[in-house]
Amino acid sequence: MDTMRERFASVVSRLLDDDPRLAVVLAEIGKDGFTDAARAHPDRVINVGIREQLLVGVGGGLALTGMRPILHTFASFLVERPFEQVKLDFGHQGVGGVLVSAAGSYDWPAGGYTHMAPGDVALLDTLDGWTIHVPGHPDEAETLLRDAVAAGDDSVYVRLSAHTNSAPRDIARSRLLTVREGRGGVVIAVGPMLDGVLAAVEGLDVTVLYATTVRPFDGRTLRAAARAGAAARAGAAGGVDVVLVEPYLAGTSTAAANDALADRPHRVLGLGIPRRELRRYGTIDEHLAGRGLDPASLRERISGFLR
């Protein structure tokens, strides 16, 4: 199976052939995936070198001319380092583009904390109007990338990862997918966390919802799941417990879940990457275990909360 980044390069290279409005802006990282595309479209595959603020500024400038820019590098260099340019060159100028990241929270642990960005989604969530996709499989990444490119002049962030689920799901933009139904609470798994969550809740009477688009947040499906679970237990007015399992900063979406359930009794637990820096660099699985996000730890934390 190819990786999400490999799928990104192949899909966008083909889209460049079909849509003269598209342009790809790189900052060294990922350039090898666009070697052929750069030969075919030298004016629309632009490598600015290791200059991430310029990466975003060039993208914003292209958008001002009517182009649809696609910007790519590691999340820490795409969102955190040039955040002021994202805020001003896209948001303040009123233009859109597609930001496609890699490396996520700790995809390349050996790179150290400079190459980790557990706060990227929370940071973008401080800005207005961004759609944020978090695919859990290369097939889902392709679907969401194509959707992002075709999304008019909207601002879209696509968070690619080396951490993946074993199989793709039949996803829809801006909708939570109901993977299984239960009466004992609702667990929302975001992107590559789905396989671990399903293993963690095996045998538990819970609903599992799968999110690959986290902004806008699908409050309607969450409310429907809460009503169904409450009705199955003790009447439609009963409360609901919700657990959010996200592959980035813990609690990033708890406010969105609370807002969605503001009219009914509820509790929300946000599981994800703690703010405390983990100063050891192992594999992705070791980082998941160290953060309490492996299936065994998730089961203990979810069961304890739902009790």
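The figures that follow rest on heavy atoms only: side chains count, while hydrogens, waters and symmetry mates do not.
Side-chain contact between Arg44 and Val24 is absent, with no heavy atoms from C-beta onward closer than 4.5 Å. Between Asp218 and Thr213 the shortest side-chain heavy-atom distance does not fall below 4.5 Å. Looking at heavy atoms from C-beta onward, Asp154 lies out of side-chain contact with Trp130 at the 4.5 angstrom threshold. Within the 4.5 Å cutoff, the side chain of Arg7 has no heavy atoms near those of the Met4 side chain. Taking 4.5 Å as the limit, some side-chain heavy atom of Arg291 sits within range of a side-chain heavy atom of Pro274. Using a 4.5 Å heavy-atom cutoff, the side chains of His41 and Ser13 are not in contact. Considering only heavy atoms from C-beta on, Val179 comes within 4.5 Å of Leu198 through its side chain. Here the side chains of Arg14 and Arg146 are in contact, with some heavy-atom distance below 4.5 Å.
In this structure, Asp170 places its CG atom where only 12 or fewer heavy-atom neighbours from other residues, nucleotides or ligands lie under 6.0 Å away. Heavy atoms of other residues, nucleotides or ligands lying less than 6.0 angstrom from CD of Glu181 number 12 at most. For Arg220, the CZ atom sits in a loose shell: 12 or fewer heavy atoms of surrounding residues, nucleotides or ligands are nearer than 6.0 Å. Within 6.0 Å of CG on Leu64 lie more than 12 heavy atoms contributed by other residues, nucleotides or ligands. Shown here is Gln93, whose CD atom has more than 12 heavy atoms of other residues, nucleotides or ligands within 6.0 Å. Remark: Asp263 CG is packed, more than 12 non-hydrogen atoms of other residues, nucleotides or ligands lying under 6.0 Å away.
Counted by atom type alone, Arg21 and Thr65 present zero donor-acceptor pairs between their side chains at under 3.5 Å. Side chains of Asn258 and His266: a donor on one and an acceptor on the other come within 3.5 Å. Remark: the Glu246 side chain and the Ser253 side chain contain an N/O donor-acceptor pair separated by less than 3.5 Å.
Residues Gln53 and Pro82 share a closest heavy-atom pair of CA-CB, 3.9 Å. Shown here for Val98 and Val158, the closest heavy-atom pair between the two residues is CG1-CG2, 4.3 Å. Considering every non-hydrogen atom in both Leu222 and Ala260, the closest pair reads CD2-CB, 4.2 Å. Minimum interatomic distance between Gly104 and Ala75 (heavy atoms only, all atoms of both residues): N-CB, 4.3 Å. Taking each heavy atom of Met67 and Ala23 in turn, the nearest pair found is CE-CB, 4.0 Å.
With values rounded to the nearest 0.5 angstrom, Leu160 atom CG is found 8.5 Å from Arg5 atom CZ. In this structure, Asp2 CG and Glu142 CD are separated by 8.5 Å, a value rounded to the nearest 0.5 Å. Annotation: the span from Ile284 atom CD1 to His287 atom NE2 amounts to 9.0 Å, rounded to 0.5 Å. Within the model, atoms OG1 of Thr212 and CG of Leu144 stand 5.0 Å from one another, a figure rounded to the nearest 0.5 Å. To the nearest 0.5 angstrom, Leu26 atom CG is 9.0 Å from Ile46 atom CD1. Note that CG of Leu62 is 8.0 Å distant from CG of Leu71, once rounded to the nearest 0.5 Å.
Annotation: cation-pi pair Arg267/Phe305 present, NZ/CZ under 6.0 Å from the ring centroid and within 45° of its normal.
Remark: Glu28 engages Lys31 in a salt bridge, criterion side-chain N to carboxylate O under 4.0 Å. Taking a cutoff of 4.0 Å between a charged side-chain nitrogen and a carboxylate oxygen, Arg169 and Asp139 do not qualify as a salt bridge. By the 4.0 Å N-to-carboxylate-O rule, Arg215 lies close enough to Asp125 to be salt-bridged with it. Residues Asp36 and Arg39 are paired through a salt bridge, judged by an N-O separation under 4.0 Å between the basic side chain and the carboxylate. Of the charged side-chain nitrogens involved, none lies within less than 4.0 Å of a carboxylate oxygen, so that Arg68 and Asp19 do not count as a salt-bridged pair.
Val86 and Val134 fall within the same hydrophobic cluster, defined by Ile, Leu, Val, Met, Phe, Trp and Tyr side-chain heavy atoms under 4.5 Å apart, directly or through other members. Linking ILVMFWY residues whenever their side-chain heavy atoms come closer than 4.5 Å, directly or via other members, leaves Val45 and Ile29 in distinct clusters. Each of Phe8 and Val25 belongs to its own hydrophobic cluster when Ile, Leu, Val, Met, Phe, Trp and Tyr are linked at side-chain heavy-atom distances under 4.5 angstrom. Transitive grouping of hydrophobic side chains (ILVMFWY, heavy atoms separated by less than 4.5 Å) keeps Leu124 and Leu249 in distinct clusters. Neither Val100 nor Val48 shares a network with the other; the hydrophobic side chains, linked directly or stepwise wherever heavy atoms of I, L, V, M, F, W or Y lie under 4.5 Å apart, form separate groups for each.
When the salt bridge (Lys or Arg N to Asp or Glu O under 4.0 Å) test is applied to Glu286, no partner is found at least two apart in sequence or on another chain.
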### ring pair (Phe, Tyr, Trp, His ring centres under 6.0 Å) evaluation trace for Tyr157 with His133
CA-CA 6 Å; Tyr157 179 53; His133 298 311; 9.7 Å; no
### Message
Run Arg159 and Ser101 through side chain to side chain contact (heavy atoms under 4.5 Å, CB included) and show every step you take.
### Response
CA-CA 5 Å; Arg159 190 184 205 260; Ser101 74; 3.8 Å; yes
### Worked check of side chain to side chain contact (heavy atoms under 4.5 Å, CB included) between Val56 and Phe83
CA-CA 9 Å; Val56 177; Phe83 181 69; over 6 Å; no
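A centroid separation of 6.0 Å or more is found between the aromatic rings of Tyr248 and Tyr106.
Residue pairs meeting the salt bridge (charged side-chain N to carboxylate O under 4.0 Å, His left out) criterion with at least one member in residues 186-211, sequence neighbours excluded: Arg183-Asp205.
Between Val245 and the choices Val208, Val190, Ile188, Val187, the side chain to side chain contact (heavy atoms under 4.5 Å, CB included) rule is met once, by Val187.
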